[in-house]
Amino acid sequence: MKTIVALQAVVTAAPLDGEPSAAELDAIEAEMPLIRAEVELLDAQIITLDRPAAELDERRVRRARNRVLAARRDLANLASGEVA
């Protein structure tokens, strides 16, 4: 019977330096409005989990969804070179 053993170099990725590069930080900074909008949407959805959704809750979720869509649009326009 043959033993199957993975090579250590193949399994383990190269060690990371632990710090994000300047390009990664710039990408995160560019996506922050979208990240914030998604967190607001998640918060609005969490509020409605333990109780029936009232009209105010529905408006809160709808507005949060609209903010996410607007942030995604702005990010896509930024990536394509257009100015919002």
Rounded to the nearest 0.5 Å, what's the gap from CG on L78 to CG on L34? Could you check? 11.5 Å
As an exercise, state the distance from CG of L69 to CZ of R72, rounded to the nearest 0.5 Å. 6.5 Å
Minimum-distance pair of heavy atoms, taken over all atoms of S21 and E24: N-OE1, 2.8 Å
For the backbone of I35 and the side chain of E38, can you confirm whether one donor and one acceptor N or O come within less than 3.5 Å of each other? no
Residue list, side-chain hydrogen bond (donor to acceptor under 3.5 Å, both in side chains) with D57, at least two apart or on another chain: R51, R60
Applying side-chain contact (heavy atoms from CB on, under 4.5 Å) to I46 and L42, what does each step give before you reach the verdict? CA-CA 6 Å; I46 288 171; L42 186 59; 3.9 Å; yes
Using a 4.5 Å cut-off on heavy atoms from C-beta on, say whether the side chain of E58 contacts that of R63. no
Set out, in order, the CA-CA distance, both residues' side-chain angles and the distance that settles salt bridge (Lys or Arg N to Asp or Glu O under 4.0 Å) for R59 and E55, then state yes or no. CA-CA 6 Å; R59 277 192 261 162; E55 184 179 340; 3.5 Å; yes
Between Q45 and R65, does the side-chain contact (heavy atoms from CB on, under 4.5 Å) criterion hold? Intermediate values first, please. CA-CA 10 Å; Q45 291 172 332; R65 279 190 188 131; 4.1 Å; yes
Any L41 side-chain heavy atom under 4.5 Å of R67 side chain: no
What are the two closest heavy atoms between A64 and A44, and how far apart are they? CB-CB, 4.5 Å
To check you understand the geometry: which heavy-atom pair defines the closest contact between V68 and A37, and what is its length? CG2-O, 3.4 Å
